[in-house]
Amino acid sequence: MLITMNWKNKVVLVTGASSGIGEALSVELAKRGAVLGLFARREDLLKQIAAKCETAGGTARVFSGDVIDASAVHVAADELRKEFGHIDIMIANAGMGGNNEATRSYEPEAVKKVVDVNLLGAVNAIHAVVPQMLERGSGHLVAISSLAGVRGLRRSAAYCASKAGMTAFFESVRLDVQEKGVGVTIIQPGFIKTPLTEGRHNQMPFLMELEDAIPHFIRAIERKKKFAAFPWQLAAIVRAGKLMPAWLYDRIAGRVRYRE
Ligand SMILES: NC(=O)c1ccc[n+]([C@@H]2O[C@H](COP(=O)([O-])OP(=O)(O)OC[C@H]3O[C@@H](n4cnc5c(N)ncnc54)[C@H](OP(=O)(O)O)[C@@H]3O)[C@@H](O)[C@H]2O)c1
């Protein structure tokens, strides 16, 4: 018999909760009775999503801020802990694609912005919860990384670097905390229809609908998987690419264009 996790009253802090994956995941967890801390910059959207979460049967609190601002993430975590006692799960999901002329021409400030949001934003999120989780001897850190972080892709240097860094960072953290009651799940999705991928004209192989992708995220968290990559077809291709020598990878990946 499959035993699913009891989400009732689980306290979950989600960064990047104002749209796409963060929004859909929050509402799904609310349906299961979770307490959500919704963090992102657009407060108006967060308030609407909080209302959806409450209607769905959960409890939600809104924290508007930028993940680059470590103190804003700390305040959100502190307030959530003050009201609900502790945080069970932190989902570091806030992120940006950042694909534009500036990142494509490697302008340092543009690349830095992507790394700041995608990698250091996740570091700020971890830092706001890990000491208390270690003290309690329980907690779960979830990184929404990407299959784009496994090897480099054309015209995606900033994004690939930020996601490769995120994967390596969380894997390292896992080694640090694994015997202290804190779990780490690294999720590497392929392409999912969200505002982040909207408007792209190049082919996105095995593009998933958001509603089809969300159960994969939830399953990975419930099973406390160390890594979860999906859809399986793209994950298999990317894993095969990881094993290729550079000359072969360059020949194949050099022809593929996922981004304009
Ligand atoms: N969609 C895909 O195909 C795909 C595939 C693999 C991985 N991912 C990853 O999944 C995560 C969510 O992406 P998505 O597809 O759901 O995109 P999305 O709909 O654009 O959502 C991005 C979320 O991140 C928040 N965010 C961005 N910059 C932020 C900042 N500086 N501070 C706080 N929050 C910030 C946004 O909120 P505000 O603008 O309100 O701040 C928004 O809630 C990202 O990390 C992305 O890299 C997506």
Side-chain angles (χ1 to χ4, degrees), residues 13-28 36-50 52 62-77 90-99 103 112-125 128 142-150 153 156 158-167 169-170 185-200 202-214 216-217 220-221 227-231 234-235 238 258-259:
L13 179 54
V14 183
T15 69
S18 65
S19 78
I21 295 165
E23 171 184 1
L25 194 50
S26 298
V27 174
E28 272 310 309
L36 278 311
L38 307 173
F39 187 96
R41 290 166 301 175
R42 288 169 293 175
E43 190 173 11
D44 48 338
L45 287 182
L46 289 179
K47 283 182 176 159
Q48 291 170 27
I49 293 155
K52 274 197 221 168
V62 165
F63 303 102
S64 62
D66 193 315
V67 280
I68 295 177
D69 177 3
S71 63
V73 189
H74 267 272
V75 166
M90 195 282 297
I91 304 180
N93 165 72
M96 62 186 288
N99 186 43
T103 51
K112 179 177 181 307
K113 171 85 182 166
V114 176
V115 174
D116 278 352
V117 173
N118 292 0
L119 174 56
L120 295 177
V123 173
N124 288 338
V142 179
I144 309 301
S145 186
S146 171
L147 282 172
V150 175
L153 296 170
S156 309
Y159 187 72
C160 288
S162 70
K163 292 299 183 178
M166 193 184 188
T167 298
F169 185 83
F170 276 78
T185 296
I186 299 164
I187 303 184
Q188 297 170 299
F191 300 103
I192 302 170
K193 270 194 209 169
T194 68
L196 189 129
T197 48
E198 214 169 61
R200 281 211 213 164
N202 279 14
Q203 195 203 356
M204 288 183 277
F206 308 106
L207 177 66
M208 294 179 91
E209 295 293 334
L210 185 53
E211 68 196 50
D212 296 331
I214 291 302
H216 290 272
F217 288 94
I221 299 170
F227 276 101
F230 52 83
L234 192 59
V238 170
Y258 297 131
R259 290 179 183 246

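Remember, it's 1-based here, ligands and their atoms both numbered in the order they're listed. Counting from 1, the numbers follow the sequence of the chain as shown. Keep in mind that this is a model prediction, so the values were computed, not measured.
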Among all protein heavy atoms, pick out the one at the shortest distance from [atom]; state its residue, atom name and that distance to 0.1 Å.
atom: atom 37 (O) of ligand 1; result: Ser18 OG, 2.8 Å
atom: atom 35 (C) of ligand 1; result: Ala94 CB, 3.8 Å
atom: atom 28 (N) of ligand 1; result: Arg41 NH2, 3.2 Å
atom: atom 32 (N) of ligand 1; result: Val67 N, 2.9 Å
atom: atom 17 (O) of ligand 1; result: Leu196 CB, 3.3 Å

Heavy-atom contacts with [X] under 4.0 Å: which atoms of ligand 1 show up? List them by number with element.
X: Thr197; result: 1 (N), 2 (C), 3 (O)
X: Asp66; result: 30 (C), 31 (N), 32 (N)
X: Ala17; result: 43 (O)
X: Ser145; result: 6 (C), 7 (C)
X: Pro195; result: 19 (O)

If you take the nearest heavy atom of each of [options], which one is closest to [atom]?
atom: atom 9 (C) of ligand 1; options: Ile144, Leu38, Leu147; value: Ile144
atom: atom 22 (C) of ligand 1; options: Gly95, Ala122, Gly149; value: Gly95
atom: atom 18 (P) of ligand 1; options: Ser19, Gly16, Gly20; value: Ser19
atom: atom 48 (C) of ligand 1; options: Thr15, Ile192, Ile21; value: Ile21
atom: atom 8 (N) of ligand 1; options: Tyr159, Phe230, Phe63, Phe191; value: Tyr159

Would [X] count as a polar contact of ligand 1, with the cut-off being nitrogen or oxygen pairs under 3.5 Å?
X: Ser146; value: no
X: Phe39; value: no
X: Met96; value: no
X: Asn118; value: no

Is it the side chain (CB and beyond), the backbone, both or neither of [X] that lies under 4.0 Å from ligand 1, heavy atoms counted?
X: Asn93; answer: both
X: Lys163; answer: side chain
X: Ala148; answer: neither
X: Thr194; answer: side chain

Please report the interatomic distance [atom1]([X]) to [atom2]([Y]), rounded to the nearest 0.5 Å.
X: Ile186; Y: Thr167; atom1: CD1; atom2: OG1; value: 6.0 Å
X: Leu153; Y: Leu147; atom1: CG; atom2: CG; value: 9.5 Å
X: Lys193; Y: Met208; atom1: NZ; atom2: CE; value: 12.0 Å
X: Met166; Y: Ile144; atom1: CE; atom2: CD1; value: 7.0 Å
X: Leu119; Y: Phe169; atom1: CG; atom2: CZ; value: 7.5 Å
X: His216; Y: Ile187; atom1: NE2; atom2: CD1; value: 11.0 Å

Verdict with supporting geometry, Asn124 and Val67, side chain to side chain contact (heavy atoms under 4.5 Å, CB included): CA-CA 7 Å; Asn124 288 338; Val67 280; 5.5 Å; no
With the threshold set at under 4.0 angstrom, would you say [X] reaches ligand 1 through any of its heavy atoms?
X: Gly121; result: no
X: Gly65; result: yes
X: Gly190; result: yes

Any donor-acceptor pair under 3.5 Å from Ser145 side chain to Lys163 backbone: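 Yes; at least one donor-acceptor contact below 3.5 Å.
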Step-by-step side chain to side chain contact (heavy atoms under 4.5 Å, CB included) determination, Leu36 to Ile49: CA-CA 10 Å; Leu36 278 311; Ile49 293 155; over 6 Å; no
Worked verdict on Lys113 versus Asp116 for side chain to side chain contact (heavy atoms under 4.5 Å, CB included): CA-CA 5 Å; Lys113 171 85 182 166; Asp116 278 352; 5.6 Å; no
